[in-house]
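Since the structure comes first, as structure tokens, the remarks are kept for the end.
Keep in mind that this is a model prediction, so the values were computed, not measured. Basis for what follows: all heavy atoms, side chains included, without hydrogens, waters or symmetry-related copies.
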Amino acid sequence: MLIPEYVKGHNLLAGKSVLITAAAGAGIGYAAAIKAAEEGCRALMISDIHDGRLNEAAEKIKDETGMEAVYTHVCNVTVEDDVQSLIAAAEQQLSGVDVLINNAGLGGSKLLVEMEDKEWDRVLDVTLTGTMRMTRAMLPKMMERKSGAIVNNASVLGWRAQKEQAHYAAAKAGVMALTRCSAVEAAEYGIRINAVSPSIALHDFLRKSAPQDLLDQLASREAFGRAAEVWEIANIMMFLASDYSSYLAGEVISASSQRA
């Protein structure tokens, strides 16, 4: 199946500031940062645990989009002090955060009977609790302004069963539940919290870390007979971050035909 032509922005985020976690590298977070710039955001901050890669990503975003107001901040979402520092820096440098994209997550493959507590805990801490920490820290700021949008990165594994993915699937199902519950609490303040649930989106790290035959098998199950491009997932994030999703709260949009 042919990959559709890449379409640049339509100014969906004009006048908005955007904060994205885990945005260094070649994955969905970086694609979302590029799209946010192309969609006309007024300022952008990207975070990651890798300082060197983070600075490289910021320079690439500036070069590729022409945007100058791109800021960086190192953050490990499993450390509360890091999260608080990131939110404070973003609030100051972006003059308030309009959009938060929670992209940080950690996967792995292990049969449940072979899984150690530390493996389970690490995936849950980054993927689910990290998303909670970021949301918990960001909400009071948005509540004060009575506006804002939070977009979480979930996964079809929150719905679907797959061998060796109990920890990751549990974490992503938790992200979905967190999205729904926090959205109800935030809605009265004019804040929207929603999520996108990708299936398989190909990027360099995934190609290096997963067997090609598994990637081909997963892609063959999709309605279009191929994996998603990372920018196709980022496009959905831009919709959820924009005012076009003004009546969505607690929704999880499946970017896959493999919902169940």
Test Tyr168 against Ser109 for side chain to side chain contact (heavy atoms under 4.5 Å, CB included), laying out the working first. CA-CA 9 Å; Tyr168 186 71; Ser109 297; over 6 Å; no
For a quick test of reading the model, state the closest non-hydrogen atom pair linking [X] to [Y] and the distance between them.
{"X": "Gly174", "Y": "Leu128", "result": "C-CD1, 3.4 Å"}
{"X": "Ala33", "Y": "Ile61", "result": "CB-CD1, 3.6 Å"}
{"X": "Ser242", "Y": "Ser245", "result": "O-OG, 3.0 Å"}
{"X": "Ala249", "Y": "Ala183", "result": "C-CB, 3.9 Å"}
{"X": "Gly107", "Y": "Val123", "result": "O-CG2, 4.0 Å"}
{"X": "Ala241", "Y": "Ala149", "result": "O-CB, 4.0 Å"}

Only pairs at least two apart or in different chains count here, so list each salt bridge (Lys or Arg N to Asp or Glu O under 4.0 Å) that has a residue in residues 141-156. Glu91-Arg145
Other residues, nucleotides and ligands only: do more than 12 of their heavy atoms fall within 6.0 Å of CZ on Arg42? yes
Neighbour count >12 (heavy atoms, 6.0 Å) for atom CG, Asp63: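 Counting other residues, nucleotides and ligands, CG of Asp63 exceeds 12 neighbours.
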With a 3.5 Å distance limit and no angle check, can you tell me whether [X] reaches the backbone of [Y] through a side-chain donor-acceptor pair?
{"X": "Glu222", "Y": "Ala227", "result": "no"}
{"X": "Thr78", "Y": "Val126", "result": "no"}
{"X": "Thr127", "Y": "Gly105", "result": "no"}
{"X": "Asn152", "Y": "Ile193", "result": "no"}
{"X": "Ser85", "Y": "Asp81", "result": "no"}
{"X": "Ser17", "Y": "Ala43", "result": "no"}

Starting from Val113, walk the hydrophobic network (Ile, Leu, Val, Met, Phe, Trp, Tyr; side-chain heavy atoms closer than 4.5 Å) and list everyone else you reach, by chain and number.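 The other cluster members (ILVMFWY side chains, heavy atoms under 4.5 Å, direct or chained) are Leu111.
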Applying the side chain to side chain contact (heavy atoms under 4.5 Å, CB included) test to Ile87, which of Val97, Leu19, Asp82 qualifies?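 By the side chain to side chain contact (heavy atoms under 4.5 Å, CB included) criterion, Ile87 pairs with just one of Val97, Leu19, Asp82: Leu19.
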Go through the steps for Asn103 and Thr21 under the test side chain to side chain donor-acceptor pair (under 3.5 Å), then give the verdict. CA-CA 5 Å; Asn103 178 64; Thr21 63; 5.6 Å; no
Salt-bridged, [X] to [Y], with N to O below 4.0 Å?
{"X": "Asp125", "Y": "Arg133", "result": "yes"}
{"X": "Glu80", "Y": "Arg136", "result": "yes"}
{"X": "Lys35", "Y": "Glu38", "result": "yes"}
{"X": "Glu251", "Y": "Arg192", "result": "no"}

Applying side chain to side chain contact (heavy atoms under 4.5 Å, CB included), run through Val7 and Asn235 and close with a yes or a no. CA-CA 9 Å; Val7 178; Asn235 282 345; over 6 Å; no
Less than 4.5 Å apart, any side-chain heavy atom of [X] and any of [Y]?
{"X": "Ser147", "Y": "Tyr189", "answer": "no"}
{"X": "Met132", "Y": "Val77", "answer": "no"}
{"X": "Cys41", "Y": "Met67", "answer": "yes"}
{"X": "Asn153", "Y": "Ile28", "answer": "yes"}
{"X": "Glu232", "Y": "Pro198", "answer": "no"}
{"X": "Val151", "Y": "Asn102", "answer": "no"}
{"X": "Met45", "Y": "His73", "answer": "yes"}

Before giving the answer on side chain to side chain contact (heavy atoms under 4.5 Å, CB included), spell out for Asp98 and Val18 the whole-Å C-alpha distance, their side-chain angles and the decisive distance to 0.1 Å. CA-CA 6 Å; Asp98 297 309; Val18 180; over 6 Å; no
Distance in Å, [X] [atom1] paired with [Y] [atom2], rounded so as to fall on 0.5 Å steps:
{"X": "His10", "Y": "Tyr244", "atom1": "NE2", "atom2": "OH", "value": "9.5 Å"}
{"X": "Ile34", "Y": "Glu39", "atom1": "CD1", "atom2": "CD", "value": "12.5 Å"}
{"X": "Ile20", "Y": "Leu100", "atom1": "CD1", "atom2": "CG", "value": "9.0 Å"}
{"X": "Met176", "Y": "Ser197", "atom1": "CE", "atom2": "OG", "value": "3.5 Å"}
{"X": "Lys8", "Y": "Thr65", "atom1": "NZ", "atom2": "OG1", "value": "8.5 Å"}
{"X": "Arg180", "Y": "Glu185", "atom1": "CZ", "atom2": "CD", "value": "13.5 Å"}

Under 4.5 Å between side-chain heavy atoms, counting indirect links through other Ile/Leu/Val/Met/Phe/Trp/Tyr residues: same cluster for [X] and [Y] or not?
{"X": "Met134", "Y": "Tyr30", "answer": "no"}
{"X": "Leu240", "Y": "Val99", "answer": "yes"}
{"X": "Val196", "Y": "Ile46", "answer": "yes"}
{"X": "Ile49", "Y": "Tyr71", "answer": "no"}
{"X": "Ile191", "Y": "Leu178", "answer": "no"}

My understanding is that only residues two or more places apart in sequence, or in another chain, count here; which of them pass ring pair (Phe, Tyr, Trp, His ring centres under 6.0 Å) with Trp231?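 By the ring pair (Phe, Tyr, Trp, His ring centres under 6.0 Å) rule, Trp231 matches Tyr6.
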Lys110 and its side-chain hydrogen bond (donor to acceptor under 3.5 Å, both in side chains) partner, picked from His167, Glu119, Gln165, Glu116: Glu119
Could you verify whether a donor N or O on one side chain and an acceptor N or O on the other, from Asn55 and Glu59, lie under 3.5 Å apart?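 Looking only at side-chain atoms, Glu59 and Asn55 do not form any donor-acceptor pair under 3.5 Å.
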